[in-house]
Amino acid sequence: MSGLVLEGISKRFNNVAAVDHVDLSVPNGTFVCMLGPSGCGKTTLLRTIAGLEEPTSGRILIDGKDITKLPAHQRDFGMVFQSLALFPHLNVGENVAYPLRIRGVGKADQVKRAEELLALVDLGGFAGRPVSKLSGGQRQRVAIARALALSPKLFLLDEPLSALDAKLREAMQVELRKLQQRLGITTIVVTHDQREAMTMADLVVVMGNGRIQQAASPVEIYRKPVNSFVADFIGSTNLLPVRQAMDGQGVSAPGGTIPGVALGAGRDQATLSVRPEDVHLVPADQAPLTGRISFIRDLGASIETFVDAGGTQIVAVTSPRERAAFQVGDTVGLRLDPEACRVLSS
Amino acid sequence: MRPEPPRRIADYSPLAFPAVMLTVFFVVPFGIMVMVSFFRRQQGGFYTPDFVLESYARFLSTFFGGVLSFSLGLAACVALICVIVGFPFTYELARAKRWVQVSWLVALLSVLSLSEVIIGFAWSTLLSRTAGISNLLVWLGMMDKPVALTPNFGAVLTGMVYQAFPYTVLVLYPAMARLDPTLMEAARTLGSHPLKAFLTVVVPALRNTIVATFIMVFVFALGSYLLPQLLGRPQHWTLSVLITDQAVYQSNMPFAAAMAVFLVLVTLSLVGLALLVGRKDAAT
Amino acid sequence: MTGTLFRRVLFGLVALFMAAPLIVIAGVSVNAQRTLVFPPVGFSMRWYGSVFTDAAWRGSLTASVVVATLAAALAVCIAFPLSWFLWRRHAPWARVFQMLGTAPFVLPPVITALGFLAFWTTVGAYGQPWTVVVAHGIFFVTLPLVTLSLGFASIDRSLVEAASTMGADDRTILRTIVLPLIRPYLISGFAFAFVLSLNEYIVAYMAVGFTLETLPIKIFNSLRYGYTPTMAAVSILFVAVAALIFGLIARFGDLPKLLGAWSSKD
């Protein structure tokens with residue numbers, strides 16, 4: 001197939017598997033976010049794709065061609081490093097033109113292309129500046145422009161926005177996504193920030209313990225997590241231990257029952273994941289599941305209500321407009337939307 | 001980039017020139033020197049290949065014992081003085097303004113790089129009767145007539161302290177520059193007098209560094225080959241001077257080599273000790 | 001404050017001690033007459049002139065500068081590939097060569113000197129002028145080795161990775177990234193080795209003492225025939241050259257960092 005294909009990629013360091021049997025196909029033009037907690041193997045996987053690490057086993061194919069053994073400098077991918085890795089002895093223009101210079105492109109063409117690339121990232125006229133005189137966001141753009149200099153087949157970014165403050169980071173996420181759509185370039189971004197992944201990606205790859213836990217669209221990842229690792233890592237969620245109800249109608253949970261949910265054939269207990277925004281607070285007599293409010297956190301834009309239901313904590317998020325007249329210590333009913341409840345495999 | 005192990009022969013190529021140079025011009029000469037120490041000495045400055053312990057046997061003389069104990073004692077005196085003065089000095093230096101630090105470092109490096117010949121010449125001039133400081137004292141009316149302050153033990157000691165002091169400061173400097181400044185401040189806020197804080201906080205914190213520095217300066221002082229000769233009398237000659245004298249003027253290479261081997265063993269065991277002690281500090 | 005007073009007194013006394021012999025020989029070097037007298041009688045710069053005009057002194061000066069330049073270049077040529085390899089590759093056993101490079105500097109100099117004397121005699125090259133270049137190159141290899149190791153340690157490895165993802169092979173990375181970044185350390189390593197070689201006596205003496213008179217050998221040999229103001233002038237020139245070179249390193253580099261303190265920028 002066309003695009004990037006990883007077949008059974010493993011990378012071991014001193015017999016510890018950093019990446020463990022990863023299979024993945026990325027069609028051309030896709031924006032992929034590899035998401036996971038630190039130490040989950042996502043950076044190692046990215047470096048393996050870039051050719052900076054050699055996989056212990058497995059194959060990497062690009063448009064059907066095996067590039068597993070190809071050294072990094074022959075892969076012609078563009079990469080942005082977490083540290084940005086801007087060359088301190090070169091100015092902005094020279095940094096951007098570096099890939100062209102080492103390929104023997106003429107001086108005039110180098111300058112012209114560097115200007116184009118800098119204009120692309122809104123840094124027109126910055127070519128002559130020293131790198132040390134740039135702000136964090138500007139350095140970021142230079143690194144991106146430099147990685148795109150060769151119009152690479154694959155654009156790889158390792159935690160590219162982690163050094164920026166929250167506001168600038170959100171703006172850059174949008175910009176990066178727009179840039180990718182304009183260029184139609186296959187892009188893989190490693191991040192530990194799930195908001196970042198949700199903002200930018202066509203395909204979110206959630207990694208944990210060296211393995212891919214789930215690879216799907218952002219909405220599917222959020223709405224239909226396949227296991228508790230994904231459910232817990234992507235956004236916040238309530239994880240409830242449930243068992244098949246005696247009457248066969250729904251499931252029983254600590255604090256009551258949840259109608260309309262089925263565990264599936266052959267199972268009598270499971271974990272149920274439900275997003276806080278899908279938990280609705282109602283008077284105690286209007287729902288079969290009840291609990292006592294232990295804490296209310298008013299964040300202005302939303303209100304988080306912590307409910308103790310039979311020893312398990314359930315969080316409900318409501319908007320201030322639908323502020324219910326409940327107080328700490330009240331017993332409330334919890335209505336869960338059966339559509340929003342997700343039965344997890346483990 | 002993680003440093004990768006070399007895989008192909010070509011990956012080793014940068015190592016070739018340094019390895020050859022260091023082997024041919026350091027390991028081999030060293031080996032030859034060790035061999036020569038077992039050779040038999042001929043009259044007239046020659047020696048023939050052999051395996052005799054004749055040169056080592058000379059160590060057992062009282063003369064050699066005297067030279068050895070004098071060398072070690074002198075080096076210990078120099079190291080002691082240098083560390084006692086150098087420790088508070090470096091402490092203050094590392095806390096001075098940056099330009100003050102840099103100026104001192106430039107000055108100390110300049111003196112440290114000075115040839116022993118020049119240091120010896122300068123001090124013997126300073127201590128001489130005709131051009132020395134005693135003339136200054138006469139000129140000031142504090143003395144009747146100029147006197148020679150060299151050659152004697154004091155002159156040797158002074159010259160060697162002068163030579164070793166910059167070295168001491170430069171060995172102590174990294175540890176002092178990295179010492180947590182809040183350590184001293186914490187002691188001060190607890191009400192300690194600065195001197196007491198220095199003695200009870202800084203000195204114990206750097207105890208191993210002090211010991212390691214003492215050993216390094218000791219070894220450095222052992223290497224002094226000209227000052228005892230220029231500023232002292234023959235009874236002030238050290239092992240280094242004696243090795244030079246045997247090799248060049250007495251043309252007794254086997255004996256010079258045997259003494260050199262002995263000096264290497266002393267030095268290496270001391271340096272090993274210093275590294276061991278120094279590492280302990282780094283670990284804490 | 002008592003702290004500053006203590007510092008001033010201590011710095012003052014140490015400065016006096018370190019400067020005293022230099023002040024005396026500086027005074028002696030401008031004496032108008034040929035004998036050494038201090039305080040100087042009259043004032044004359046002619047002894048400085050004679051370092052350059054007197055054929056013997058000028059010969060020694062030339063010999064010293066040539067030897068120091070070549071020896072420092074050799075030391076850098078040995079230290080650079082070694083420290084580059086140690087930084088680039090993971091090869092613990094190669095540390096042996098680093099140890100060998102440091103050993104001559106830690107051991108008493110007379111050992112290295114004697115080793116070379118035995119070596120050059122054995123291979124039959126004793127007294128050849130070039131032998132002192134090799135001897136000094138090995139003896140002072142420690143200095144560029146230390147500055148270059150520090151320099152390499154300060155290069156962010158992701159720069160090298162970045163260059164390789166942009167298509168640069170090892171050789172190109174060395175030329176376009178590593179060399180420009182390491183240059184200040186290369187220069188200071190060369191400068192350290194140069195100044196020390198200029199001043200070195202015992203290794204040079206045992207290698208070529210009877211055939212080539214470097215300045216320290218010349219001074220030492222002249223000491224036997226009495227002290228002259230020219231020697232004082234040469235000594236002051238040496239101090240000035242050292243101070244100038246180390247001053248330049250301090251001006252264009254980070255001297256405290258080179259000497260092991262953490263960078264003030266950290």
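Keep in mind it's a predicted model, so treat the numbers as computed, not measured. FYI, side chains are in, hydrogens and waters are out, and symmetry mates aren't considered; it's all heavy atoms of this structure. Protein chains get the first letters and strands the later ones, always in sequence-line order, with residue 1 at the start of each.
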Original post:
Side chain, backbone, both or neither: which part of C:Phe80 has an atom under 4.5 Å from a heavy atom of chain B?
Top reply: neither
Original post:
Side chains of C:Leu114 and B:Met253: does their closest heavy-atom pair fall under 4.5 Å?
Top reply: yes
Subject >> Closest contact, heavy atoms only, B:Asp11 versus C:Phe85 >> reply: O-CE1, 3.3 Å
**OP:** Measure the shortest side-chain to side-chain distance between B:Pro14 and C:Arg88 over non-hydrogen atoms and say whether it is less than 4.5 angstrom.
**Re:** no
Original post:
In terms of heavy-atom proximity below 4.5 Å to chain B, should C:Val239 be classed as side chain, backbone, both, or neither?
Top reply: both
Original post:
Are C:Trp93 and B:Tyr12 close enough that their ring centres sit under 6.0 Å apart?
Top reply: yes
Original post:
Which heavy-atom pair separates B:Ala96 from C:Arg7 by the least distance, and what is that distance?
Top reply: CA-NH1, 3.4 Å
**OP:** Measure up the B:Tyr162 and C:Phe17 rings against each other and bin them: parallel (under 30°), tilted (30 to 60°), perpendicular (over 60°).
**Re:** perpendicular
**OP:** Decide yes or no for C:Pro104 and B:Phe26: does some side-chain heavy atom of the first lie under 4.5 Å from some side-chain heavy atom of the second?
**Re:** yes
Subject >> Note, C:Phe246 side chain near B:Leu108 side chain (heavy atom, < 4.5 Å) >> reply: no
**OP:** Specify whether C:Phe119 and B:Phe25 have parallel, tilted or perpendicular ring planes, treating 30° as the upper limit for parallel and 60° as the lower limit for perpendicular.
**Re:** perpendicular
Original post:
Is any side-chain heavy atom of B:Leu263 less than 4.5 Å from a side-chain heavy atom of C:Leu107?
Top reply: no
Original post:
With respect to C:Val110, which candidate in B:Leu222, B:Leu226, B:Thr244, B:Leu239 satisfies the side-chain contact (heavy atoms from CB on, under 4.5 Å) definition?
Top reply: B:Thr244
Original post:
Can you name the closest pair of heavy atoms from B:Leu22 and C:Phe97 and give their distance?
Top reply: CD1-O, 3.5 Å
Original post:
Using non-hydrogen atoms only, which part of B:Thr267 is less than 4.5 Å away from chain C: side chain, backbone, both, or neither?
Top reply: side chain
Original post:
Heavy-atom distance under 4.5 Å to chain C: side chain of B:Val264, backbone, both or neither?
Top reply: both
**OP:** Heavy-atom distances under 4.5 Å only: say whether B:Val261 touches chain C with side chain, backbone, both or neither.
**Re:** neither
